[in-house]
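Here is the structure we will look at.
Basis for what follows: all heavy atoms, side chains included, without hydrogens, waters or symmetry-related copies. By convention in this document, chain letters (A, B, ...) are assigned in the order of the sequence lines, proteins followed by strands, and residues within each chain are numbered from 1.
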Amino acid sequence: MSRYTPSEIEPKWQTEWDAAGVFTAKVDPSKPKFYVLEMFPYPSGRIHMGHVRNYTMGDVVARTKLAQGFSVLHPMGWDAFGMPAENAAMEQGGHPGTWTYNNIDVMRGQMKPLGLSIDWSREFATCDPEYYGQQQAMFIDMLEAGLVYRKNAVVNWDPVDMTVLANEQVENGRGWRSGALVERRELTQWFFKISDYSDELLSALDGLKDWPEKVRLMQANWIGKSQGLQFSFETVNAPAGFEQIEVYTTRPDTLWGASFAAIAAEHPLAKALEAQNPEIAAFIAECRKGGTTAEEIETAEKVGFDTGLRVRHPLDPSIELPVWIANFILMDYGTGAIFGCPAHDQRDFEFATKYGLSIPPVFVAEGAEEALLSEPFVPAKSERVRYVRNVAGAEVKTGEQGILDAIALAEEKGFGKGVTKFRLRDWGLSRQRYWGCPIPVVHCAACGVVPEKKENLPIELPKDVSFDQPGNPLDRHPTWRDCACPSCGAPARRETDTMDTFVDSSWYYARFTAPRATTPTDLAEADYWMNVDQYIGGIEHAILHLLYSRFFARAMHKTGHLPAKAIEPFNALFTQGMVTHEIYLTRDANGRPIYHLPEDIIRSETGATLKDGSPVELIPSAKMSKSKKNVVDPMNIIASYGADTARWFVMSDSPPERDVEWTAAGADATFKHLNRVWNLSVKVAEMDEGTAGAGDKDLAKAVARATEDVTRAIEGFAFNKGIAALYGLTNAIAKAEASAPAMRQALRDLAKLMSPFTPHLSESIWAAQGGEGLCAIAAWPKADPALLVDDEVTLPIQINGKRRGEITVPKDMPASEVEKIALANEDVVRFLNGQPVKKLIVVPGRIVNVVI
RNA sequence: GCGGGUGUGGCGGAAUUGGCAGACGCACCGGAUUUAGGUUCCGGCGCCGCAAGGCGUGGGGGUUCAAGUCCCUCCACCCGCACCA
């Protein structure tokens, strides 16, 4: 043992961990359990630094909990369905499955050298038939429980790729891959009834105390609960069947401010009028066209068309309001119809101004007089205002109270009722893609839509497919669609839609508790391991993945696949920052950027140049991306410095929730430090037994202090502070003048405290210093409380709040004694210069402040 | 526009939540060791100042014996949502 050689020790310890099975999760009722989960990766083909950071964070938690006596579950799998595999098949030929499993093999091979404490025996990919077959079983249960249904929905249709696109796959109105103009099509689609749980998913957010406030807020906004009044306008001259128009408003207190009614272009009434009136038809066609590109939406002018119809004001039937079709009314929000109150709504104001509609005010600021409005007056609902055209109740009150009064009046008079609406819509899960979980239903001419029999699951994807033409290969497969109706046995056809990949990731955390079960879950296992105690992942999943998972856990409970305690599957959530890196660029003759790889750059204090000396522009702290060439490959780092250096560095520099900047200097410094620790260990191992132990007590105190600090830092997800404490401890040990046994004990403690971050190096030190067994499973050190307190404390002495001196006194010295010593201090005497002391503050153990 | 967040040395960041601002690391400067070093070790390092001392946590104001931390106000940047009735 002389030189620190990660390439030797890292594989060696990994082999020993595997042989001892130290990371195999075992149900042990005698121990508390701890389930650590990082969001599983998409098998893109290579791991990146973001993975290293994400999985190291989880590993630090998992290893610490293991050492603290928990039975730990720390699994890994692959979010393996999805479009990139199909795109690869289209571009390079081959089968998406081959591409995916190859990538998984490569990435697993890249992850294992990181030395993560993962129970690899539980690994699965969502594209394994064993996994998606169980997903199909649950789908059938959920269908029978009324949690899944079919309906017509407007979707983004890519006419070239012949598939539905998610909203985020539409860029400037064009398909992100094909570049074709996306059409709005109405298709029959499968939906999860997540809206049944809108209220529940919202109110349960309050219980997620260990989730970031930001994520809870984003989810709350996404669910978008609003309280309002639904009522109907009586129409005056509308076509038959449209005697009433249902309207929803969150501001019924402004009913007297109504100057028009407006309906969406897709509203049934608009469709009815379209048939009779070519001008209306033209206007509606115009509405449908517009509004797909970002610019158009930004600059879209509010346009409308007066239908000539009239409705009666519910509070005074003698007042008639015009009905407009307007492009800013959304059919799928509320009822697709509104009343316009231009005085107190920005949009309505713009609209009314443009078309010369009246703008009657309803309220004014408390204490103000009624005045002509040159702009809409839109105070917060919580603000008190004076109603000049009051619906009901007191004249001066908050908007909130006004709304309640208005709803009460409407209900009393019987023209409307208070309702709660949600922005959250049902989750459309149909995808016209091949590489996804087939929806296990059958279309039968006689029986209609019938769920497949469970004994026929999994409904596997056919292997003999080609991607040489657009569209869904399942649709054009010669035989795959043909099947017998599970109900009547007659020839029938399979559903060819597959499931959104968000379904796959909505329950994998539950599957990890019993990954080989022949049912979706094993309730006994789920009961022991659920919930996930610490979930770690990117903020980009704040809404969809996490909300879908919360819904799915509830749906799984309802269908008997999860215990009640697991309906909120993630007890604590942590969202980590990215790993960033500088971008280096030069410009071509046209000023266009040319990016350069980090290894082609020579850095100096003043800036950076290429190897030929030409200057390079620096863009600091940018997200790593291949196109910008600012990517650092973890495998290169592991090859030159070892996994422990990569792990330590990504945890050391920044708080984990923030982005961390990868720098070559930082990685170098980490490697040097780990070498220092190694060399220190070598030195201590060779120490003479007879070394005097004058510094034993001080060393023990330093170890106790670090134990406390590191433990608290890890528990508080402040890994950077934990690492700072470990630097401190290393320095303290290096300087200590302690006996050999004390030094060895200190190094074993250091190794243990470092082990969540640098598990391989720690094992080597542990072994060199006579530690028993594997460091990975040795107990976490506990700080002796007696060593955490000093007998003496140094108190700064301030005069008028400025530090002028300090005294060292026994810890428990009474304040009166401290006062005397402080006033006798020579610095204090000098600064006081005989002036009388007005006030003397002694904060025990902290500070003394003399006021003159 | 609405909502949320951040702002501390040359840089990444600490500060037990009102009690010595700048822990720890990087960079930089000095010294020693080494055949050499982009090695290792020792020391220095907020700014101004020879010093005494003064100033200093985005700007301004306030509360307090004491403010990075609490209150008011302004500014800058970042993120999320956005015609949501």
Among [options], which nucleotide has an atom closest to any side-chain atom of [X]?
X       : options                   : result
R347(A) : rG80(B), rG12(B), rC83(B) : rC83(B)
P655(A) : rC41(B), rG13(B), rA85(B) : rG13(B)
R423(A) : rC65(B), rC81(B), rG13(B) : rC81(B)
V851(A) : rC65(B), rA85(B), rC42(B) : rC65(B)
A665(A) : rC26(B), rA85(B), rC24(B) : rC26(B)
A724(A) : rG43(B), rC84(B), rC24(B) : rC24(B)
K802(A) : rC24(B), rG53(B), rC55(B) : rC55(B)
D653(A) : rA85(B), rG12(B), rG19(B) : rG12(B)

Considering only atom [atom1], compute the distance from [N] to [M] and round it to an integer number of Å.
N       : M       : atom1 : answer
rA82(B) : rC71(B) : C1'   : 32 Å
rG22(B) : rC45(B) : P     : 12 Å
rG56(B) : rG68(B) : P     : 10 Å
rU40(B) : rG54(B) : P     : 41 Å
rG49(B) : rG1(B)  : P     : 44 Å
rC47(B) : rA23(B) : P     : 13 Å
rG62(B) : rA67(B) : C1'   : 11 Å
rC78(B) : rA85(B) : C1'   : 31 Å

Legend entry - Presence of salt bridge, D199(A) and K225(A), under 4.0 angstrom: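 A salt bridge links K225(A) with D199(A).
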Legend entry - Charged N-O contact under 4.0 Å between R830(A) and E826(A): no
Inset, instruction - Check whether NZ of the Lys or CZ of the Arg K417(A) lies under 6.0 Å from the centre of the six-membered ring of F231(A) and within 45 degrees of that ring's axis. - result: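 No - K417(A) does not lie over the ring of F231(A) by the 6.0 Å and 45° rule.
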Inset, instruction - Report yes or no: is the cationic atom of R3(A) (NZ for Lys, CZ for Arg) closer than 6.0 Å to the six-membered ring centre of W678(A), at no more than 45° off its axis? - result: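 That pair does not qualify as a cation-pi contact.
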Inset, instruction - Both distances under 3.5 Å, Watson-Crick or G-U wobble: report the partner of rG1(B), or none. - result: rC81(B)
Legend entry - Complementary nucleotide of rC55(B), counting Watson-Crick and G-U pairs under 3.5 Å: rG46(B)
Inset, instruction - Using the six-membered ring wherever Trp is involved, compare the ring planes of Y727(A) and H673(A) and label them parallel, tilted or perpendicular (cut-offs 30° and 60°). - result: tilted
Measure from [atom1] on [X] to [atom2] on [N] and round the result to the nearest Å.
X       : N       : atom1 : atom2 : value
L217(A) : rG80(B) : CG    : P     : 14 Å
R3(A)   : rU39(B) : CZ    : P     : 14 Å
E540(A) : rG80(B) : CD    : C1'   : 13 Å
L674(A) : rC26(B) : CG    : P     : 12 Å
N849(A) : rA67(B) : CG    : C1'   : 13 Å
K214(A) : rG4(B)  : NZ    : P     : 11 Å
N221(A) : rG1(B)  : CG    : C1'   : 14 Å
K721(A) : rA14(B) : NZ    : P     : 6 Å

Inset, instruction - Could you check if the base of rG60(B) is syn or anti? Syn means the glycosidic torsion is within 90 degrees of 0. - result: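 Nucleotide rG60(B) adopts anti.
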Inset, instruction - Check the chi torsion on rU63(B) and let me know: syn if it falls within 90° of 0, anti if not. - result: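 Anti, since the glycosidic angle lies more than 90° from 0.
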Using a 4.0 Å heavy-atom cut-off across all strands, classify [X] as base, sugar-phosphate, or nothing.
X       : result
F831(A) : sugar-phosphate
I723(A) : nothing
T249(A) : sugar-phosphate

Inset, instruction - Record whether the side chain of R803(A) comes under 3.5 Å of the base of rC20(B) through a donor-acceptor pair of N or O atoms. - result: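 For R803(A), whose side chain was compared with the base of rC20(B), there is a donor-acceptor pair (under 3.5 Å).
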Legend entry - Any N/O donor-acceptor pair, R846(A) side-chain to rU16(B) base, under 3.5 Å: yes
Inset, instruction - Hey, which sits more toward the 5' end of RNA chain B by its nearest nucleotide, R425(A) or R712(A)? - result: R712(A)
Legend entry - Comparing R804(A) and P796(A) on RNA chain B - which has the more 5′ nearest nucleotide: P796(A)
Legend entry - Residues N679(A) and Y4(A): side-chain donor-acceptor under 3.5 angstrom: no
Phosphate oxygens OP1/OP2 of [N]: is one of them under 4.0 Å from a side-chain N or O of [X]?
X       : N       : answer
N720(A) : rA14(B) : yes
R658(A) : rG5(B)  : no
S654(A) : rG13(B) : yes
R830(A) : rG53(B) : yes
N731(A) : rG25(B) : yes
K672(A) : rU39(B) : yes

Ring centroid separation [X] to [Y] under 6.0 Å:
X       : Y       : value
H344(A) : F363(A) : yes
F351(A) : F328(A) : yes
F305(A) : W324(A) : no

